[in-house]
Amino acid sequence: GLEISKFCFVSDEDSTQYLKSHGVKLFLSADRTDVCNALQRGVSAALVFQQEVQAPRTPLRVVFDGDAVLFSDETDQVFREHGLEGAVQYERKMEAVPMGEGPLKAFAMHLGKIRKKFSQEKSPIRIYLVTARSGRDMGIRAIKTLREWGLAIDEAFFMDGAPKGPILAQIQPHIFFDDGLHNIHGARDVGVPSAWVP
């Protein structure tokens with residue numbers, strides 16, 4: 001039932017150069033190069049995998065991973081260099097400092113802006129955070145960042161490294177965004193439409 005009025009026909013060259021000028025809020029493609037180009041241009045983008053949607057029609061349910069998707073990858077970098085204990089110490093030290101923006105923050109904020117036009121009970125959009133972070137050690141900064149941004153999340157799940165597939169099967173989202181291919185595969189295994197943020 002979407003009204004589509006704007007069309008662009010372009011050659012095989014990099015078509016992502018036109019995304020910003022057309023006000024694109026989210027670019028989804030099955031072409032990894034196009035997705036990477038869009039991300040480099042500052043447009044929220046993800047690589048989609050062909051899959052049938054099994055989610056109920058309404059409300060629209062969108063699930064975001066945290067680090068390197070909604071938030072920057074700064075804590076992931078600390079984790080790679082200093083391990084889990086180093087990442088936990090970093091998060092405790094930075095608890096009062098909002099995290100940097102991830103590649104899909106702008107799209108999430110746009111969804112949140114639309115969502116605010118409705119009451120909680122009548123909203124046609126539900127936004128979720130499903131992150132590998134632990135709630136006890138690393139969740140406080142994530143919650144504080146979301147509050148600082150003014151982004152209302154309907155439900156947040158801090159999985160402490162556990163597989164995300166089972167909770168995604170319960171949520172039945174229309175789309176799940178994650179930067180980890182193992183999480184994308186786990187979501188697809190339970191029938192959840194997924195998009196990889198490289």
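- The ring-ring contact (aromatic ring centres under 6.0 Å, His included) check on W149 picks up F71, with sequence neighbours excluded.
- A distance of 6.0 Å separates OG in S134 from CZ in R136, rounded to the nearest 0.5 Å.
- Note that CZ of F107 and NZ of K25 are 11.0 Å apart. Values are rounded to the nearest 0.5 Å.
- For the atom pair CG of L146 and NZ of K105, the computed distance is 10.0 Å after rounding to the nearest 0.5 Å.
- For S123 (side chain) and Q120 (main-chain N/O), no donor-acceptor pair under 3.5 Å exists by modelled atom type.
- Between the S44 side chain and the L26 main chain, no donor and acceptor come within less than 3.5 Å of each other.
- Legend: residues meeting ring-ring contact (aromatic ring centres under 6.0 Å, His included) with F64, ordered by chain and number and at least two apart, are F177.
- Follow the hydrophobic side-chain contacts under 4.5 Å out from V88 and you never reach V78; the two are in separate clusters.
- Linking Ile, Leu, Val, Met, Phe, Trp and Tyr whenever their side-chain heavy atoms come within less than 4.5 Å puts M109 and I143 in one cluster.
- The salt bridge (charged side-chain N to carboxylate O under 4.0 Å, His left out) analysis of residues 150-170, with sequence neighbours excluded, yields the pairs D65-K164, R115-D154, R126-D154, R126-E155, K164-D178.
- Taken together through direct or relayed side-chain contacts under 4.5 Å among Ile, Leu, Val, Met, Phe, Trp and Tyr, L70 and V97 form parts of separate hydrophobic clusters.
- For the atom pair I140 CD1 and R133 CZ, the distance stands at 11.0 Å (nearest 0.5 Å).
- In terms of heavy-atom proximity, P103 sits nearest to V197 at CG-CG1, 3.6 Å.
- Contact annotation: the side chain of F79 never approaches that of D67 to less than 4.5 Å [non-hydrogen atoms, C-beta and beyond].
- Contact between V48 and A195 at its shortest, heavy atoms only, is CG1-CB, 3.9 Å.
- Evaluation of the ring pair (Phe, Tyr, Trp, His ring centres under 6.0 Å) test over residues 110-133, restricted to residues two or more places apart or in two chains, returns none.
- Looking at S194 and F176, their side chains come closer than 4.5 Å, going by heavy atoms from C-beta outward.
- Shown here are the side-chain contact (heavy atoms from CB on, under 4.5 Å) partners of D31, two or more places apart in sequence or in another chain: S29, T33, D34.
- When atom types are taken as modelled, the side chain of R61 and the backbone of I175 share no donor-acceptor pair closer than 3.5 angstrom.
- With no hydrogens or angles considered, a side-chain donor-acceptor pair links T75 and E91 at under 3.5 Å.
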Q | Working for side chain to side chain contact (heavy atoms under 4.5 Å, CB included), residues M159 and T131 | A | CA-CA 6 Å; M159 303 301 293; T131 177; over 6 Å; no
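- Residues L168 and A187 approach most closely at CD1-CB, 3.7 Å, considering heavy atoms.
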Q: Determine, stepwise, if the pair R80 / D73 fulfils side chain to side chain contact (heavy atoms under 4.5 Å, CB included).
A: CA-CA 11 Å; R80 284 191 293 274; D73 67 346; 4.1 Å; yes
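- Hydrophobic clustering, with ILVMFWY side chains joined whenever heavy atoms are under 4.5 angstrom apart, groups V63 together with F157.
- Legend: residues meeting side chain to side chain donor-acceptor pair (under 3.5 Å) with T16, ordered by chain and number and at least two apart, are D14, R41.
- To the nearest 0.5 Å, atoms OH (Y90) and CD (E85) are separated by 15.5 Å.
- Residues P163 and P166 come closest through the heavy atom pair O-CD, 3.7 Å.
- The residues R141 and E74 are annotated as salt-bridged, a charged nitrogen and a carboxylate oxygen being separated by less than 4.0 angstrom.
- Following chains of ILVMFWY side-chain contacts shorter than 4.5 Å, one cannot reach M138 starting from I167, and the two form parts of different hydrophobic clusters.
- Shortest non-hydrogen contact noted between L151 and A108 is CD1-O, 3.5 Å.
- Between I171 and V130 the shortest side-chain heavy-atom distance falls below 4.5 Å.
- To the nearest 0.5 Å, atoms CD1 (I125) and CG (L111) are separated by 5.0 Å.
- Using a 4.5 Å heavy-atom threshold, the side chains of P198 and L39 count as touching.
- M99 and T145 make their closest contact through N-OG1, 3.0 Å (heavy atoms, listed as atom of the first residue, atom of the second, distance).
- Under the 3.5 Å distance criterion, the side-chain polar atoms of W196 are matched with a main-chain donor or acceptor of D179.
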